[in-house]
Amino acid sequence: MSDVPSDGVDLDTTKIKHWRSIFALVVFVIANLTVLFPSRIPIPIPLVLYSAGVRSLVSLRVIPPRQHYDRRKSDLASTDHVGLDRSRAKPYVWFRFPINFVTGPLIADLFLLAIRAIGKDEVKGGIAGSDNIVPYDILIFFFSLAYIAISIDASGLIRYLAFKVLQLGGKVGRRLFFFLYVFFFGLGTFIGNDPIILSGTAFLAYMTRVSSNIVHPRAWIHTQFAVANIASAILVSSNPTNLVLAGAFKITFLDYTRDMVVPVVITALVLFPFLLYVVFANESLIPSSIKMHELDEEARARKPINPNIPYGRGTAGEEEKELASNEAGQLLSLEEIMNPFLDKAGAAFGGFVMAATLITILVLNEVQSSHSKETHVFYVTLPAAFVMLTFDLVWGWIHREETRNIARDGRQQIAEAAERKRAQLAAEAGILEQTSDASASVVMMSEIRQTNSGDSLDEKDGQLSSSSENVHRHDIGHSTATIPSLDTRPEPISNEPPRLAIDDDASGINPDMPPQNLVRTDGPTPNTKLTTNNVAATPKTEGKASGVALGSLQKRADRQSTERVGGEKKISAENVLVAQRRASAASTGHNPRTLVSISADTYRWLQDTFPTVSAVFSHLPFALLPFSFEMFILVQGLVTNGWVPVFAYGWDHWVDKTGTIGAIGGMGFLSVILCNFAGTNIGTTILLSRVIQAWEQIHMNNMQPLGDRTKWATIYAMALGVNYGAFSIAFSASLAGLLWRDILSRKHIRVRGLEFARVNLPIISVAMTIGLAVLAGEVYIFRRD
C-alpha cells in the first residue's frame, strides 16, 4: 500500500463538546441505520411540474412520446361504467425517493458539509487518503481483480467445477456436502467470496430444487455463504476489508496470509462437523441419500448455451421461471447443472491471468517492503484487468455471429410464444382481432399484464428512478385516486413462490422482453366458489320456508357469480382492445429516435456481441464505489471532530483491565456486532482501523509503545471479525449478503431476516470462538510484548 504522509492522529477530545461534533456523531449513526433499514420516502410532485418535465424530456428527445403518459384520465373515463374507482385524480404524483446504503451516507455527508462539521480536508482524506489508508488505491485494486474473477465466473468455470464435484460426491448426501464445503472454501480462498456467491448460490438453488428429498435448501445455502466469507479472510486480495486493514497498518500480503491462514483453516475444519451433526442434523436438510431427477440422453447431448447471451435458451428460460415449482421446471433446472456451459479458452486464460497477478503482487509487495519502498498495488492489477478485458472483447468479436444468431433465435421464439398467448387470451375474451406484427404483440401483452395487475404504465414508463448496487428500482406512481396504495401490488395467481420483479425499461415496454405472469380473469374467483360451496352445503332437511330461502340464496349467488364473471370478461375484453390499439400505434408510428431508445439498442447490441463483457460489468459491485468513499468521509469526520480519540481512550481502558485475551475477545465481539450496525463490514473496518491507529498514538504520546503481542492480536482479531461478521445477524452486514439474498430471490428462494439471524447465530458463535482461540495461541507462541 502507498504510504501517505501523516502528521499523526489528532487526539484532542475537547472537540466533542461542540454542537457540530455532536451532529457529526448523530448523523453517522443515522446514516448507518439507513444501511440497516433501507426505505423509500414518498415525495409529492405537482402534476403540472411532472407533466412539464415529461414534455421537456420528450421535446429534448430523451424519452419517446408515448400515449401512456396521459393514461390517468383515459383510465378513469374508461372504468366508470364497470363500477371501478371514479374519484378525481389528485393534482400530484408520488416520487418514492430511496434511502439506502448509497443515498443515506451521501445525504449525511452533504448535511455535514452544509453545517460545516466537515470540510474539504475530510473530503480529501476520504478520497485521496490519510494515515496510510488510501481509498482510491484500495477500490481500483479491488475492482480490477474483481473483473478478472467475475470473468472467470462468466466463462462457466465455477459451475462446471461444481458439476464435477456433484458427480464426484454422487448421491451420498453427507459426502456431497463435504465435497462442496471443501470446494467452496478452496476456490473462495483464491478468487474471493463474490464469484462464489454469484455462481455457487445459483448452482445450489438448482441442485436443491431438482432433488426430491431435500425439503429445504437451508443447510446448503447457509453453509456456502459462511464458508465463502471464512475463506476470504486468508488473502488480502479476497476481500476489500482486508485491503483496508493491510493498508492501515502497513502489513505485507505475505505477512497477513501467514498470520491468518492457521486460525481460518482450523475454523473451517472444526466448523464442518458442527454444521453437519449439530446445526443441520436433519434428514430433510442433508439426506443420507439424495434422490435427483435424471437428465435424458437427448438433453445431455444437446450443446449447452452460453447463459450470458440474452434469451439464449429461448422459451426454455421463460418456462423455467413460470414452472419453477413444477416437475417441468425442475427438469429445465436440471439441465442447468447437469449440462453446464464452459468457455474453455476464457476459463484457461482467466485462470492464468489471475494466478500471474496474485503471484506478482505477493512477490512485489514482499520485495518492496524489504527495501522500505511501497507502490500502489493497482499498478499491477489494473493492467492485468485490461489484458483480461481485451481478451474478452476480442473473443466476443470473433464469435459475434454465433452469439447474435442465438440471441435473435431466442427472441423470435419468445415473440412467437407471446403471439400464441395473445391469441388465446383474445379468443377467451371474445375478441378475434389479431395483429400481424410480432413486436407489437409483445408490447400488447405487456400492456395487458400491467393493466390486469393494476399497475399503471404511467408508473412504469414515466418513472423518475434512482438505483444503487442495488440494486433496487423505485417508481413514480400516479395519484392515489388511481391506485390506492403504491407499495402494494397484486401478485399473480401461481403455485410458485414469490420472486423479484423485473423492471421494465425506462423508455417503456421493451419489445424484446417476454410477457410474464399473465393472470386469467375470465373465470369465477375463489370467493365466488366459496360462496357457492357454502350455499350448496346448506342442509335440505329444513321446512318449506327454508327451502324457499335456500333457493333464493342459490339464485342470488348464481346471479352474483354470473355478473362478476361477465364483468371480468368485459374488463378483460376492454383491456385487450386498449392493448391492441396501443400496440398498433407503437408498431405503425414513426417516432423519432431518442436517447432512451438509442441506449437500449446499444446495450442490446453489446449484449449480443460481447456477452461475457456485458455480464461481467453487470455483476461488478459498482455501488461499492460511492458507498466506500462516503463511509471514508464520514469516518474521517469522526476523527477530526474528536470522536475516534474518545473511542480509542475507551478501548485503551478496556485493554488495561483485561490484557491481551480481553483485547482479542473484545475486538472480535465488537467487530462482528458493528458489521451489522456500522455500515457493513467495510464501514466497520474503516472505523475500527482509525480507532486502533488512535490507540497506538495514545501509547506513543505517553512514551509507552504498544506491546507487539497485544497490538497484533487486536488487529487480527478485527480481521477475523469483519470477515466472519458477514454471516451474523443482518444481510446488510456485508454487500455480499445483500447480493446473496437477491440471487436467492431470483431463484425462488426467500430467506427472511429473522431466519438469517437464527441460523447464523450458532454458526458465527462457534466460528469466532474457534478462530479467536487459535489466534490467542498463535500470538502467545510467536509474539512478545
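No hydrogens, no waters, no symmetry mates; every other heavy atom, side chains included, goes into these values.
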Checklist entry - Taking it one step at a time, do Asn723 and Ser232 satisfy side-chain hydrogen bond (donor to acceptor under 3.5 Å, both in side chains)? => result CA-CA 7 Å; Asn723 280 277; Ser232 68; 3.3 Å; yes
Closest non-hydrogen contact found for Ser689 with Leu245 is OG-CA, 4.4 Å
Output side-chain donor-acceptor pairs under 3.5 Å for residues 379-388, partner residues at least two apart or in another chain, one line each.
from	atom 1	to	atom 2	distance (Å)
Thr381	OG1	Ser144	OG	2.7

| How about Phe178: does its CZ atom have over 12 heavy atoms from other parts shown lying under 6.0 Å from it? | no
In short, salt bridge (Lys or Arg N to Asp or Glu O under 4.0 Å) pairs touching residues 605-621 with sequence neighbours left out are Arg411-Asp608
- Quick one: are Arg174 and Leu276 in side-chain contact, heavy atoms under 4.5 Å? yes
Determine whether Asn229 and Tyr724 satisfy the following criterion, side-chain hydrogen bond (donor to acceptor under 3.5 Å, both in side chains), listing intermediate values before the conclusion.
CA-CA 6 Å; Asn229 285 284; Tyr724 293 9; over 6 Å; no
So CG of Leu393 and CD1 of Ile398: to nearest 0.5 Å the spacing works out to 11.0 Å
Distance col, row Ser628:OG vs Leu139:CG, nearest 0.5 angstrom, shows 4.5 Å
| request: Kindly say whether Gly725 contributes a backbone atom to a donor-acceptor pair with the side chain of Ser728 at under 3.5 angstrom? | output: yes
- Does Glu402 pair with Lys303 as a salt bridge, N-O distance under 4.0 Å? yes
**Study point:** Within-4.5 Å side-chain heavy-atom neighbours: Val262 and Val774
**Key:** yes
d(Ile743 CD1, Ile197 CD1) to nearest 0.5 Å is 7.0 Å
Any side-chain donor paired with an acceptor under 3.5 Å for Asn681 and Ser734? no
Quick one: side chains of residues 181-191, donor-acceptor pairs under 3.5 Å with protein atoms, not counting sequence neighbours, listed by atom name and distance.
from	atom 1	to	atom 2	distance (Å)
Tyr181	OH	Ala268	O	2.7
Thr189	OG1	Phe185	O	2.8

**Worked verdict on Asp392 versus Thr612 for side-chain hydrogen bond (donor to acceptor under 3.5 Å, both in side chains)** = CA-CA 7 Å; Asp392 290 338; Thr612 299; 5.4 Å; no
Parallel, tilted or perpendicular: which one describes the rings of Trp740 and Phe756, with boundaries at 30° and 60°? tilted
query: Below 6.0 angstrom between ring centroids: does that apply to Phe143 and Phe378?
result: no
Are side-chain heavy atoms of Leu674 and Leu688 found at a separation under 4.5 Å? yes
**OP:** Taking Thr241 for its side chain and Thr685 for its backbone only, find out whether a donor-acceptor pair lies under 3.5 Å.
**Re:** no
inquiry  = Between Tyr256 and Asn242 (side chain of the first, backbone of the second, donor and acceptor by atom type, cut-off under 3.5 Å), is there such a pair?
reply    = no
One should read off an interatomic distance between Phe142 CZ and Leu625 CG, to the nearest 0.5 angstrom, of 9.5 Å
Correct closest heavy-atom pair for Thr403 and Pro611 would be CG2-CG, 4.0 Å
Which of His399, Arg404, Arg400 passes side chain to side chain donor-acceptor pair (under 3.5 Å) with Thr609? It is Arg404
* For Phe391, look at atom CZ and say whether over 12 heavy atoms of other residues, nucleotides or ligands are found less than 6.0 Å away. => yes
Salt-bridge contact Glu755-Arg750 (side-chain N to carboxylate O under 4.0 Å)
no
Side chains of Asn100 and Thr103: donor-acceptor distance under 3.5 Å anywhere?
yes
Taken to the nearest 0.5 Å, the spacing of Ile673 CD1 from Ile764 CD1 works out to 9.0 Å
Across all chains, not counting sequence neighbours, the ring-ring contact (aromatic ring centres under 6.0 Å, His included) partners of Tyr603 are none
So the salt bridge (Lys or Arg N to Asp or Glu O under 4.0 Å) pairs with at least one residue in residues 257-270 (sequence neighbours excluded) are Asp255-Arg258, Asp259-Arg783
The complete set of salt bridge (Lys or Arg N to Asp or Glu O under 4.0 Å) pairs with one or both residues in residues 154-165, sequence neighbours excluded, reads Arg159-Glu336
Check: Do the rings of Phe349 and Phe352 sit parallel, tilted or perpendicular, given the 30° and 60° boundaries?
Finding: tilted
Nearest heavy-atom approach of Ser671 to Gly721 is OG-CA, 3.1 Å
**Request:** Establish, yes or no, whether a centroid distance under 6.0 Å links the rings of Phe177 and Phe272.
**Result:** yes
